[in-house]
Colleague: 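One structure, as structure tokens, below. Some questions next.
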Amino acid sequence: MTRYVISGNGKLTVLYDSHFVLRELYYPLAVDNHLHQGRTGLWVDGKFSWFDNLDVKTNYVRDSLSSWAEVEFQGIKVKITDTVDMAYEVLAREIALTNVGNKDVRIFFHWDFHVNGNDVGDTALFDPLTASMMHYKRDKWFMFKCDVPFYQYATGYKEMGRFVGTWKDAEDGELSGNPIAQGSVDSVAGVRLNSSSVFHCWLVCGSSYNDVLNRNSYVNRKTPRELIRRTDNFWKAWLVKASDYDEVVKRSALIIMAHWQNNGAIPAALDTDIMRFNKDTYNYVWHRDSAFAAIALTLLGYQEPVRNLFNFTKPLLFNGCLFQKYTCDGHWGSTWHPWSTKTISIQEDETALMLYTAWHHFSKFKDVDFIKGFYAPSIKRAADFLVTYRDEGTGLPLPSYDLWEERLGTHFFTSLTVYIGLVSAAKFAEFFGEENLRDKYMSSANEVKEGLSKFYVNDHFARTIYEDGSVDKTVDASSLFASILGVFDPKDPRVISNRSVVEERLSVGGGIARYENDMYLRTDSQPNAWFITTLWLAQQYSLEGNKERAKGYLDWVVSKMFPTGVIPEQVSPGGQYPSVSPLVWSHAELIRTYYLQATGKL
């Protein structure tokens with residue numbers, strides 16, 4: 001199911017579906033999802049339901065990454081508020097129960113962990129010393145506890161043979177009391193209440209039994225109520241730099257930050273539902289997506305997370321370029337790009353965009369002491385790669401894979417990014433007094449810019465020139481970056497004509513598709529509209545000075561996002577969301593579009 005909520009603090013990250021079922025839990029980095037599901041069930045006077053089967057209202061607490069869910073079952077109202085603590089690996093939960101008739105109510109908490117991403121060799125147990133439920137494997141420990149005693153508990157087996165899970169045991173309102181199970185296991189703990197009340201529970205993550213004991217002691221001292229309060233106050237304070245913007249901008253900034261890991265990595269998306277297609281996810285650092293997220297936060301005035309991204313990226317350069325994607329702990333990610341002796345299996349725009357991002361950030365904050373450590377080992381190395389990885393005849397980049405990761409060639413979008421990457425490097429070289437390097441980088445950038453004219457065909461920019469000289473004239477929304485990146489004047493007749501062709505041929509239900517005949521996750525006779533491409537068209541209209549048309553596309557995006565403010569990757573003509581949510585890049589482009597509307601520049 002589509003994810004409606006994400007919350008995190010850089011060490012613990014969780015995602016929920018529309019029924020407030022926890023679907024992902026990452027700790028201590030967003031590498032392995034340790035959770036299959038974390039559910040809540042209600043038993044009232046002999047009748048039972050999981051939240052999955054109820055009409056659940058869910059949203060964020062305003063100006064915070066805390067989230068809440070409300071349900072009503074058999075006359076009982078329950079509101080749950082969840083908070084990932086601002087500092088520690090703790091998920092704090094407040095449960096408010098309205099029980100007017102003093103009915104017999106039992107609330108069940110089901111935990112189905114796949115520790116380290118699989119269900120092999122897990123242990124689930126009731127710990128009598130702490131009166132808590134524990135799940136662990138090796139150096140990953142999870143403790144669940146409430147400030148009212150468990151009425152009953154059980155552990156058991158699931159996902160093998162006839163065993164479906166201990167959750168089934170809860171549906172009659174009684175639990176077996178089985179204290180421990182190992183292998184493919186789950187657990188359920190229940191609380192019994194006969195009147196209206198407010199109580200708290202918490203999930204503590206740690207690397208050992210002693211680790212979770214120490215954090216549990218901390219929660220007991222501070223109280224879950226205080227953790228929730230202080231975290232809400234922290235995020236409200238964090239938003240001070242975005243205080244002049246609409247709520248959707250502030251929500252997008254918070255959602256981006258929920259993805260940002262404490263080592264500087266920012267994955268594209270953490271929704272594992274996409275695994276149903278090919279057993280892989282978007283849980284990787286694509287530096288293209290990361291660059292636009294970093295630019296978005298830079299525009300709002302945030303410095304520290306972007307610095308952390310540069311720190312994460314610095315050791316990853318390989319012969320001056322970046323690989324397609326990385327895991328959040330800095331290893332090469334899976335790929336489908338064939339390796340060849342003739343070309344490099346990369347997407348060159350990612351390397352170039354990080355140079356552009358670095359200059360964008362530096363020009364705003366002038367943090368010389370920080371950037372000096374990146375100038376030689378990162379900026380110059382990447383720029384030298386961009387200079388050399390070009391065709392001598394055309395001046396354009398040699399073949400790499402396109403931003404959609406589908407075709408090998410020399411692409412218009414990639415060429416635009418190489419130009420601005422080299423220009424950015426030239427500005428750094430000038431700043432540090434290396435005039436020879438400045439001239440070298442600018443000369444190469446100008447050769448790239450001259451070659452860009454080869455992409456214009458009839459009335460729009462072609463997307464790709466192949467090694468044999470053939471031109472792929474497919475209309476592609478990424479061609480809108482001709483002016484968005486500042487390479488072409490937004491009122492250049494070619495740019496205006498290209499925008500008109502993109503709008504005419506790629507419009508789908510009010511939004512914009514990636515390119516003609518896009519088949520990715522297509523479920524209809526037309527391609528799906530993407531949020532980033534629709535926002536690019538809004539940006540182009542803003543650059544032309546047509547704010548009304550820009551606002552129309554911006555309003556369409558807002559109308560299609562989830563009630564929580566989460567923006568997925570794409571939406572089908574029938575209104576379905578077949579891909580990941582949230583997508584960091586979608587939120588980054590929304591921020592950039594609002595900023596452009598407000599200031600007239602990017």
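Nothing here was measured: the structure is a model prediction, and the numbers come from that model.
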Colleague: May I ask you to decide if Trp556's main-chain N or O and Ser559's side chain share a donor-acceptor pair within less than 3.5 Å?
Modeller: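 Yes; judged by distance alone, with no hydrogens or angles, the pair exists.
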Colleague: I'd like to know if the side chain of Thr564 and the backbone of Tyr4 have a donor-acceptor N/O pair within less than 3.5 Å.
Modeller: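 It does hold such a pair.
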Colleague: With no hydrogens and no angle check, is any side-chain donor or acceptor of His460 less than 3.5 Å from a backbone partner on Lys473?
Modeller: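 Yes; at least one donor-acceptor contact below 3.5 Å.
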Colleague: If I take atom OH from residue Tyr356 and atom CE from residue Met354, how far apart are they, to the nearest 0.5 angstrom?
Modeller: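 Reported value, rounded in 0.5 Å steps: 13.0 Å.
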Colleague: In chain order, what residues pass the ring-ring contact (aromatic ring centres under 6.0 Å, His included) check against Tyr594, with sequence neighbours excluded?
Modeller: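 Counting only residues at least two positions away or on another chain, Tyr594 forms no ring-ring contact (aromatic ring centres under 6.0 Å, His included).
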Colleague: Hydrogens and angles aside, do Ser400 and Gln347 bring a side-chain donor and acceptor to less than 3.5 Å of each other?
Modeller: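 No, because no side-chain N or O of Ser400 sits under 3.5 Å from a partner of the opposite role on Gln347.
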Colleague: Nearest 0.5 Å, please: how far is OH in Tyr553 from CD in Glu548?
Modeller: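 If I round to the nearest 0.5 Å, the distance is 12.5 Å.
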Colleague: Are Leu297 and Trp260 close enough that some pair of their side-chain heavy atoms sits under 4.5 Å apart?
Modeller: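 Yes, their side chains come closer than 4.5 Å.
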Colleague: Does the pair Lys250/Glu247 count as a salt bridge with the N-to-O cut at 4.0 Å?
Modeller: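 Yes, charged N to carboxylate O under 4.0 Å.
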Colleague: Enumerate the residue pairs fulfilling ring pair (Phe, Tyr, Trp, His ring centres under 6.0 Å) with a member in residues 472-496, sequence neighbours excluded, ordered by first and then second residue.
Modeller: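 Matches after skipping sequence neighbours: Phe292-Phe481, Phe413-Phe481, Phe461-Phe488, Phe481-Trp536.
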Colleague: Quick one: does Pro578's side chain get under 4.5 Å of Asn528's, heavy atoms only?
Modeller: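 Yes, close enough: below the 4.5 Å cut-off.
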Colleague: Is there a side-chain contact between Thr313 and Leu322 in this structure, where contact means two heavy atoms from C-beta onward sitting under 4.5 Å apart?
Modeller: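 In short, these two side chains touch, coming nearer than 4.5 Å.
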Colleague: With sequence neighbours excluded, what pairs up with Tyr541 under the ring-ring contact (aromatic ring centres under 6.0 Å, His included) test?
Modeller: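 Scan of Tyr541 (ring-ring contact (aromatic ring centres under 6.0 Å, His included), adjacent residues dropped) gives none.
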Colleague: Answer with yes or no after comparing the ring centroid distance for Trp359 and Phe362 against a 6.0 Å cut-off, counting only values under it.
Modeller: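 Between Phe362 and Trp359, which both carry aromatic rings, the centre distance is below 6.0 Å.
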Colleague: Hydrogens and angles aside, do Glu405 and Trp286 bring a side-chain donor and acceptor to less than 3.5 Å of each other?
Modeller: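 Present: a donor and an acceptor within the cut-off.
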Colleague: Go through the steps for Leu521 and Ile274 under the test side-chain contact (heavy atoms from CB on, under 4.5 Å), then give the verdict.
Modeller: CA-CA 10 Å; Leu521 301 182; Ile274 196 72; 4.1 Å; yes
Colleague: What I want to find out is whether Arg499 reaches Glu544 closely enough, with some N-O distance under 4.0 Å, to be called a salt bridge.
Modeller: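 Here Arg499 pairs with Glu544 in a salt bridge, since their nearest N and O are under 4.0 Å apart.
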Colleague: Between the side chains of Glu589 and Arg592, is the shortest nitrogen-to-carboxylate-oxygen separation below 4.0 Å, so that they form an ion pair?
Modeller: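 Yes.
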Colleague: Take Arg514 and Asp476, measure what side-chain contact (heavy atoms from CB on, under 4.5 Å) needs, and give me the verdict at the end.
Modeller: CA-CA 6 Å; Arg514 289 193 301 174; Asp476 192 306; 5.7 Å; no
Colleague: In plain terms, say whether Arg549 and Glu503 are close enough for a salt bridge, that is, a side-chain N and a carboxylate O under 4.0 Å apart.
Modeller: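 Yes.
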Colleague: Go through the steps for Tyr27 and Thr13 under the test side-chain contact (heavy atoms from CB on, under 4.5 Å), then give the verdict.
Modeller: CA-CA 7 Å; Tyr27 158 81; Thr13 310; over 6 Å; no
Colleague: Taking the six-membered ring for Trp, is the centroid-to-centroid distance between Trp530 and Trp404 below 6.0 Å?
Modeller: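 Centroid distance Trp530-Trp404: below 6.0 Å, so yes.
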Colleague: Less than 4.5 Å apart, any side-chain heavy atom of Pro490 and any of Gln540?
Modeller: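 Yes, their side chains come closer than 4.5 Å.
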Colleague: Tell me whether Arg522 contacts the main-chain N or O of Ser525 through its side chain, where contact means a donor paired with an acceptor under 3.5 Å.
Modeller: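 Yes: the side chain of Arg522 pairs with the backbone of Ser525.
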Colleague: Any ion pair linking Arg307 and Asp367 (charged N to carboxylate O, less than 4.0 Å)?
Modeller: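 So Asp367 pairs with Arg307 through a salt bridge.
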Colleague: Answer yes or no: is there an ion pair linking Asp246 with Arg251, defined by an N-O contact shorter than 4.0 Å?
Modeller: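 Answer for the salt bridge query: no.
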Colleague: Could you go step by step and tell me if Glu434 and Lys380 meet the salt bridge (charged side-chain N to carboxylate O under 4.0 Å, His left out) rule?
Modeller: CA-CA 11 Å; Glu434 297 195 271; Lys380 289 167 66 173; 3.4 Å; yes
Colleague: Kindly say whether His337 contributes a backbone atom to a donor-acceptor pair with the side chain of Ser345 at under 3.5 angstrom?
Modeller: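 Looks like yes, one N/O pair under 3.5 Å.
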Colleague: Please examine the side chains of Cys328 and Val285, heavy atoms only from C-beta on, and report whether any two atoms are closer than 4.5 Å.
Modeller: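 Answer yes - side chains close enough.
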Colleague: Determine whether Ile379 and Leu355 satisfy the following criterion, side-chain contact (heavy atoms from CB on, under 4.5 Å), listing intermediate values before the conclusion.
Modeller: CA-CA 6 Å; Ile379 294 167; Leu355 288 176; 3.9 Å; yes
Colleague: For Ser581 and Phe562, work out which heavy atoms get closest and say how close.
Modeller: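 Closest approach of Ser581 to Phe562: OG-CE1, 3.5 Å.
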Colleague: So is Arg23 actually on top of Tyr16's ring, under 6.0 Å and inside 45° of the axis?
Modeller: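 That pair does not qualify as a cation-pi contact.
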Colleague: Does a donor on one side chain and an acceptor on the other come within less than 3.5 Å for Tyr577 and Glu569?
Modeller: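 Not at all, the side chains of Tyr577 and Glu569 share no donor-acceptor pair under 3.5 Å.
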Colleague: Between Asp524 (side chain) and Pro573 (backbone), is there a donor-acceptor pair under 3.5 Å?
Modeller: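 Judged by distance alone, no pair lies under 3.5 Å.
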Colleague: With no hydrogens and no angle check, is any side-chain donor or acceptor of Asn33 less than 3.5 Å from a backbone partner on Leu25?
Modeller: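 Yes: the side chain of Asn33 pairs with the backbone of Leu25.
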Colleague: Enter the distance from Asp273:CG to Leu15:CG here, rounded to the nearest 0.5 Å.
Modeller: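 These two atoms lie 11.0 Å from each other.
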Colleague: Regarding Asp280 and Ser334, is there a side-chain donor-to-acceptor distance under 3.5 Å anywhere?
Modeller: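 Looking only at side-chain atoms, Ser334 and Asp280 do form a donor-acceptor pair, the distance falling under 3.5 Å.
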Colleague: Could you state the interatomic distance from CZ (Phe365) to CD1 (Ile371), rounded to the nearest 0.5 Å?
Modeller: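 The CD1 atom of Ile371 is 12.0 Å from CZ of Phe365, to the nearest 0.5 Å.
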Colleague: Do the side chains of Tyr515 and Val475 get nearer than 4.5 Å, heavy atoms only?
Modeller: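 In short, these two side chains do not touch, never coming nearer than 4.5 Å.
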Colleague: With sequence neighbours excluded, what pairs up with Tyr375 under the ring-ring contact (aromatic ring centres under 6.0 Å, His included) test?
Modeller: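 ring-ring contact (aromatic ring centres under 6.0 Å, His included) check on Tyr375 returns Phe432.
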Colleague: Side chains of Pro397 and Asp391: does their closest heavy-atom pair fall under 4.5 Å?
Modeller: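 No, side chains not in contact.
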Colleague: With rounding to the nearest 0.5 angstrom, report the OG1 to CG distance, Thr351 to Leu317.
Modeller: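 Result: 7.0 Å between the selected atoms.
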Colleague: Taking the side chain as C-beta and beyond, is there a heavy-atom pair between Glu304 and Tyr302 under 4.5 Å?
Modeller: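 Counting from C-beta outward, Glu304 and Tyr302 never come under 4.5 Å.
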Colleague: Check whether NZ of the Lys or CZ of the Arg Lys314 lies under 6.0 Å from the centre of the six-membered ring of Phe374 and within 45 degrees of that ring's axis.
Modeller: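 Yes; both conditions hold, so Lys314 lies above the ring face of Phe374.
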Colleague: Rounded at 0.5 Å granularity, tell me how far NE2 in His360 sits from CD1 in Ile420.
Modeller: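 Here the rounded value is 9.0 Å.
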Colleague: Taking only residues two or more places apart in sequence or in another chain, which ones pass salt bridge (Lys or Arg N to Asp or Glu O under 4.0 Å) with Asp289?
Modeller: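 With neighbours one apart ignored, the set is empty.
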Colleague: Between Lys491 and Asp489, does any side-chain N to carboxylate O distance fall below 4.0 Å?
Modeller: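 A salt bridge is absent here (no side-chain N lies under 4.0 Å from a carboxylate O).
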Colleague: Would you please indicate yes or no on a ring centroid separation below 6.0 angstrom for His587 and Phe531?
Modeller: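 Not under 6.0 Å, so no.
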Colleague: When the ring centroid of Phe428 is compared with that of Tyr441, is the distance short of 6.0 Å?
Modeller: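 No, ring centres 6.0 Å or more apart.
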Colleague: Less than 3.5 Å apart, which donor and acceptor atoms pair up between the side chains of residues 595-602 and the rest of the protein, not counting sequence neighbours?
Modeller:
unit_1: Gln597; atom_1: OE1; unit_2: Ser542; atom_2: OG; d: 2.6
unit_1: Thr599; atom_1: OG1; unit_2: Tyr595; atom_2: O; d: 2.8
unit_1: Thr599; atom_1: OG1; unit_2: Lys601; atom_2: N; d: 3.3
unit_1: Thr599; atom_1: OG1; unit_2: Lys601; atom_2: O; d: 3.1

Colleague: Side chains of Glu516 and Thr474 only: does a donor on one sit below 3.5 Å from an acceptor on the other?
Modeller: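 Absent: no donor and acceptor within the cut-off.
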Colleague: Distance only, no hydrogens: is a donor on one side chain within 3.5 Å (strictly under) of an acceptor on the other, for Glu348 and Thr414?
Modeller: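 The criterion, which ignores hydrogens and geometry beyond distance, is not satisfied for Thr414 and Glu348.
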Colleague: Is it true that, when you exclude Tyr466 itself, more than 12 heavy atoms of the residues, nucleotides or ligands shown sit nearer than 6.0 Å to its OH?
Modeller: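 Counting neighbours around OH of Tyr466, more than 12 heavy atoms of other residues, nucleotides or ligands fall under 6.0 Å, so yes.
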Colleague: Classify the ring geometry of Tyr326 against His287: parallel below 30°, tilted from 30° to 60°, perpendicular beyond 60°.
Modeller: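 Taking His287 first and then Tyr326, their aromatic rings stand perpendicular (interplane angle over 60°).
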